[in-house]
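Here the structure comes first, spelled out in structure tokens, and everything after it is commentary.
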Amino acid sequence: MKAKTQEELIYLNMTMKVPYKWRTGETMGEFFRELKENGIIYANQCPTCGRHFCLPKSVCTRDHTKCTERSKWIPVGPKGTLVTYFMAEQSFLLPTTGEMLKIPFAVGIVLLDGAAVILQHQLEETDTEKIKPFMRVEAVIKPKEERKGNIYDIVHFKTIHE
Amino acid sequence: MANRVAIVGIGQTTHSGRRPYVNDGELIYDAVTKALADADLSINDMESVMSGNMDLFEGHHLNDAMLNLYSGAAGKPGFKMNTGGTVGSMMAIQGWYHVASGLFDLVLVIGWEKHDEGLVTPAISTITDPAVDRPFLVGAIGGLATVSVAYMQRSGCKLEHAAMVRANASQAAARNPNAHMREIYSVEEVMNARMVMYPLNLLMCCPTSLGATALILASESKAKKICKKPVWMKDHVTVHVEYGGAQFGIGEKRWTSHMEAGAKLFKRNNITKPMVETQVFEMYDPMAFAIPMWLEDFLICEPNEGWKLVEKGALKLEGEYPVSPSGGVLCTNSIGDSAILRVAEAALQIRGDAGEHQVTREVKQALASGFGGSYWSDLLLLSKTKD
Amino acid sequence: MEAVKKEPVLFEGYVIMPYKYSVGSLASKFFIKLRDSKVLSGAKCPKCQMVNFPPRSVCPKCFSKVEELVELSGKGKLETFTVVHYESAVQALKPPYAIGVIKLDGADTAITHFIGGVDFKDIKPGMKLEPVFKAKRDANILDIEYFQPA
């Protein structure tokens, strides 16, 4: 059999770096303001179905109703129940920073006490043996002087025993 | 009333992890010329040409602008689509709309991806809200890992069952010359693979592949002239999901877009025993838990029974209800192509042209699904007979 | 009834995505010839004889597969042009600079490239051009630094 000669193939290596701006809208703006100034996690409410959303939604995903009435907001959590989770044991490039994810990285799907929909955030615990379904967790909120009005004002969720 | 639509031409490239000797357009051209040859038609016969893939995955935006030379779309009507993982099945469905409307007789639809050239996980992460969700998503796999943990919790399914699914898929892919990962793995080998994101280890995740699939769809009058073995697109359903917690079944009754899709499709077609009335299912199975979990969600089997079917070996190529006899997305995942490939493979099973991975049952009706975005579902019913 | 009237929060960030692009087998041959021998070549259709440049492996006219490269002199004619004055993040050169659509002798399609070695006021459609190659070439289209009057 004739030996196959290796053909040189050209490819281009490039990096796309696209700047963007993102406005949260007034409802999430209010959520972040309350989190930053008062350290409170709020849920808003759909006037049609009565569900409490945390993170707040300006429009109900089911009823398509506007949910902007401020008097219907209630504090939820900071305790809640872990619904499910994933654990990253391999790193990935983070498109927001261009850096690699620090592993192990556990993310929990948490139903905060008083809320009707789930919230996803980092878990403090990264040992899969110690993460139990439906275990109780609590949001750890940064001290006031460190809070910036973003999702990282919640550091992570820690395991609690009640 | 919609006109009948048939698949009369099927073309797929071989699938692999690297293919540096072709560019994006040449990959598409390969699938298109194969589909035209299969139907014995020329590009000039096509009244509309449409393509779909994932913007950003190869660092392109609106890539059909530069690719219409290779797809044959130049000078013709049509559009480019991106609906996430469902883009391939949506291409087949959009082709259906064009022909069923009576406005077109012959339409070419293409799904493709060249995964070796971009980074999938960061690209997928950009689909979410950057203020709250993006830091925690880590691509599609994060969402799939969480639904897998939830499935294990509620159904009794174990990691071993996912390993059985992957071992079965490897047996099937070994018989499919167009599949990407054709190595045969035992259950033990799958169990011992490196953990990527609990509970999904490396072999329980789909690979990043490249490839393209093209389908030619025809109206009833054209189909009869062109093709001895037209495959009829009998019905299809698309369901979008509500963003939120209902799919985990916590606090509220569990509801998923797959459940809605199965319920609608089977009711409309008077199907009461899906595992009898359809004979094969080419499922969009992006990770190993998908097959047992989504057989339940599509209402094909009872809740918590999916993993028992895996245990019994019922879902193998020669089993009582073969699922993804091509090896599925588990062995070949060129995302923009993955869901159209499910439709193509289901159609090949109906034609009896699947070759070595033809199922042993006689196939009269087949299901094909698409999955992607924020858990959207496409479910298609294909048939050997037009009624 | 009090509605939420607070200001939205503004996030600013980047999407950073590295990617590759395989030019394919035929275009690889073109770029290697450009890099190694400063030769420009077009792709000739075996069926309708159309020569497309820069070379693409499918004939834009008759949809045939094209596998043959033919060498071109590199000289050509300016079809049309513009001068870029505004600055943005993605440009290869600092403005002002001129870009032109250039049809090479022996080719049936044209390429967009820079025009240099000439005062902007002297650029005229129809003028004859020739390529100026970079000293250090990396097998990409910028191995041609610009086209100048021949």
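In the text below, chain A, chain B and the rest are named by the order of the sequence lines, each starting its count at 1.
For the atom pair CZ (Arg56(C)) and CE (Met66(B)), the distance works out to 8.5 Å, reported to the nearest 0.5 Å. Residue Tyr70(B) holds its OH atom at 11.5 Å from NZ of Lys65(C), rounded to the nearest 0.5 Å. Note: Asn44(B) CG to Cys62(C) SG = 9.5 Å, rounded to the nearest 0.5 Å. Atoms CG and CG, from Asn52(C) and Leu69(B) in turn, are 7.5 Å apart once rounded to the nearest 0.5 Å.
By number of non-hydrogen pairs under 4.5 angstrom with chain B, the leading residue of Cys59(C), Ser57(C), Pro60(C) is Ser57(C). Highest contact tally toward chain B, considering only Ile16(C), Val58(C), Leu26(C), Val23(C), is held by Val58(C) [criterion: heavy-atom pairs under 4.5 Å].
Under a cut-off of 6.0 angstrom, the local environment of NZ in Lys38(C) is sparse, with at most 12 non-hydrogen atoms contributed by other residues, nucleotides or ligands. Atom CG of Asp40(B) sits in a sparse spot, with 12 or fewer heavy atoms from other residues, nucleotides or ligands closer than 6.0 Å. In this structure, Lys77(C) places its NZ atom where only 12 or fewer heavy-atom neighbours from other residues, nucleotides or ligands lie under 6.0 Å away. Other residues, nucleotides and ligands place more than 12 heavy atoms under 6.0 Å from the NZ atom of Lys134(C). No more than 12 heavy atoms of other residues, nucleotides or ligands sit less than 6.0 Å from atom NZ of Lys222(B). Atom NZ of Lys75(C) is surrounded by 12 or fewer heavy atoms from other residues, nucleotides or ligands within 6.0 Å.
Using a 4.5 Å cut-off between heavy atoms, Leu36(B) touches chain C through its side chain atoms alone. Interface residue Tyr29(B): only side-chain heavy atoms are found under 4.5 Å from chain C. At a 4.5 Å heavy-atom cutoff, Ser28(C) makes no contact with chain B through either its backbone or its side chain.
Minimum interatomic distance between Glu58(B) and Tyr19(C) (heavy atoms only, all atoms of both residues): O-CD1, 3.2 Å.
Side-chain atoms of Asp24(B) and Tyr21(C), non-hydrogen and from C-beta on, do get closer than 4.5 Å to each other. When side chains are defined from C-beta on, Lys114(B) counts as touching Ser22(C), because their heavy atoms get closer than 4.5 Å.
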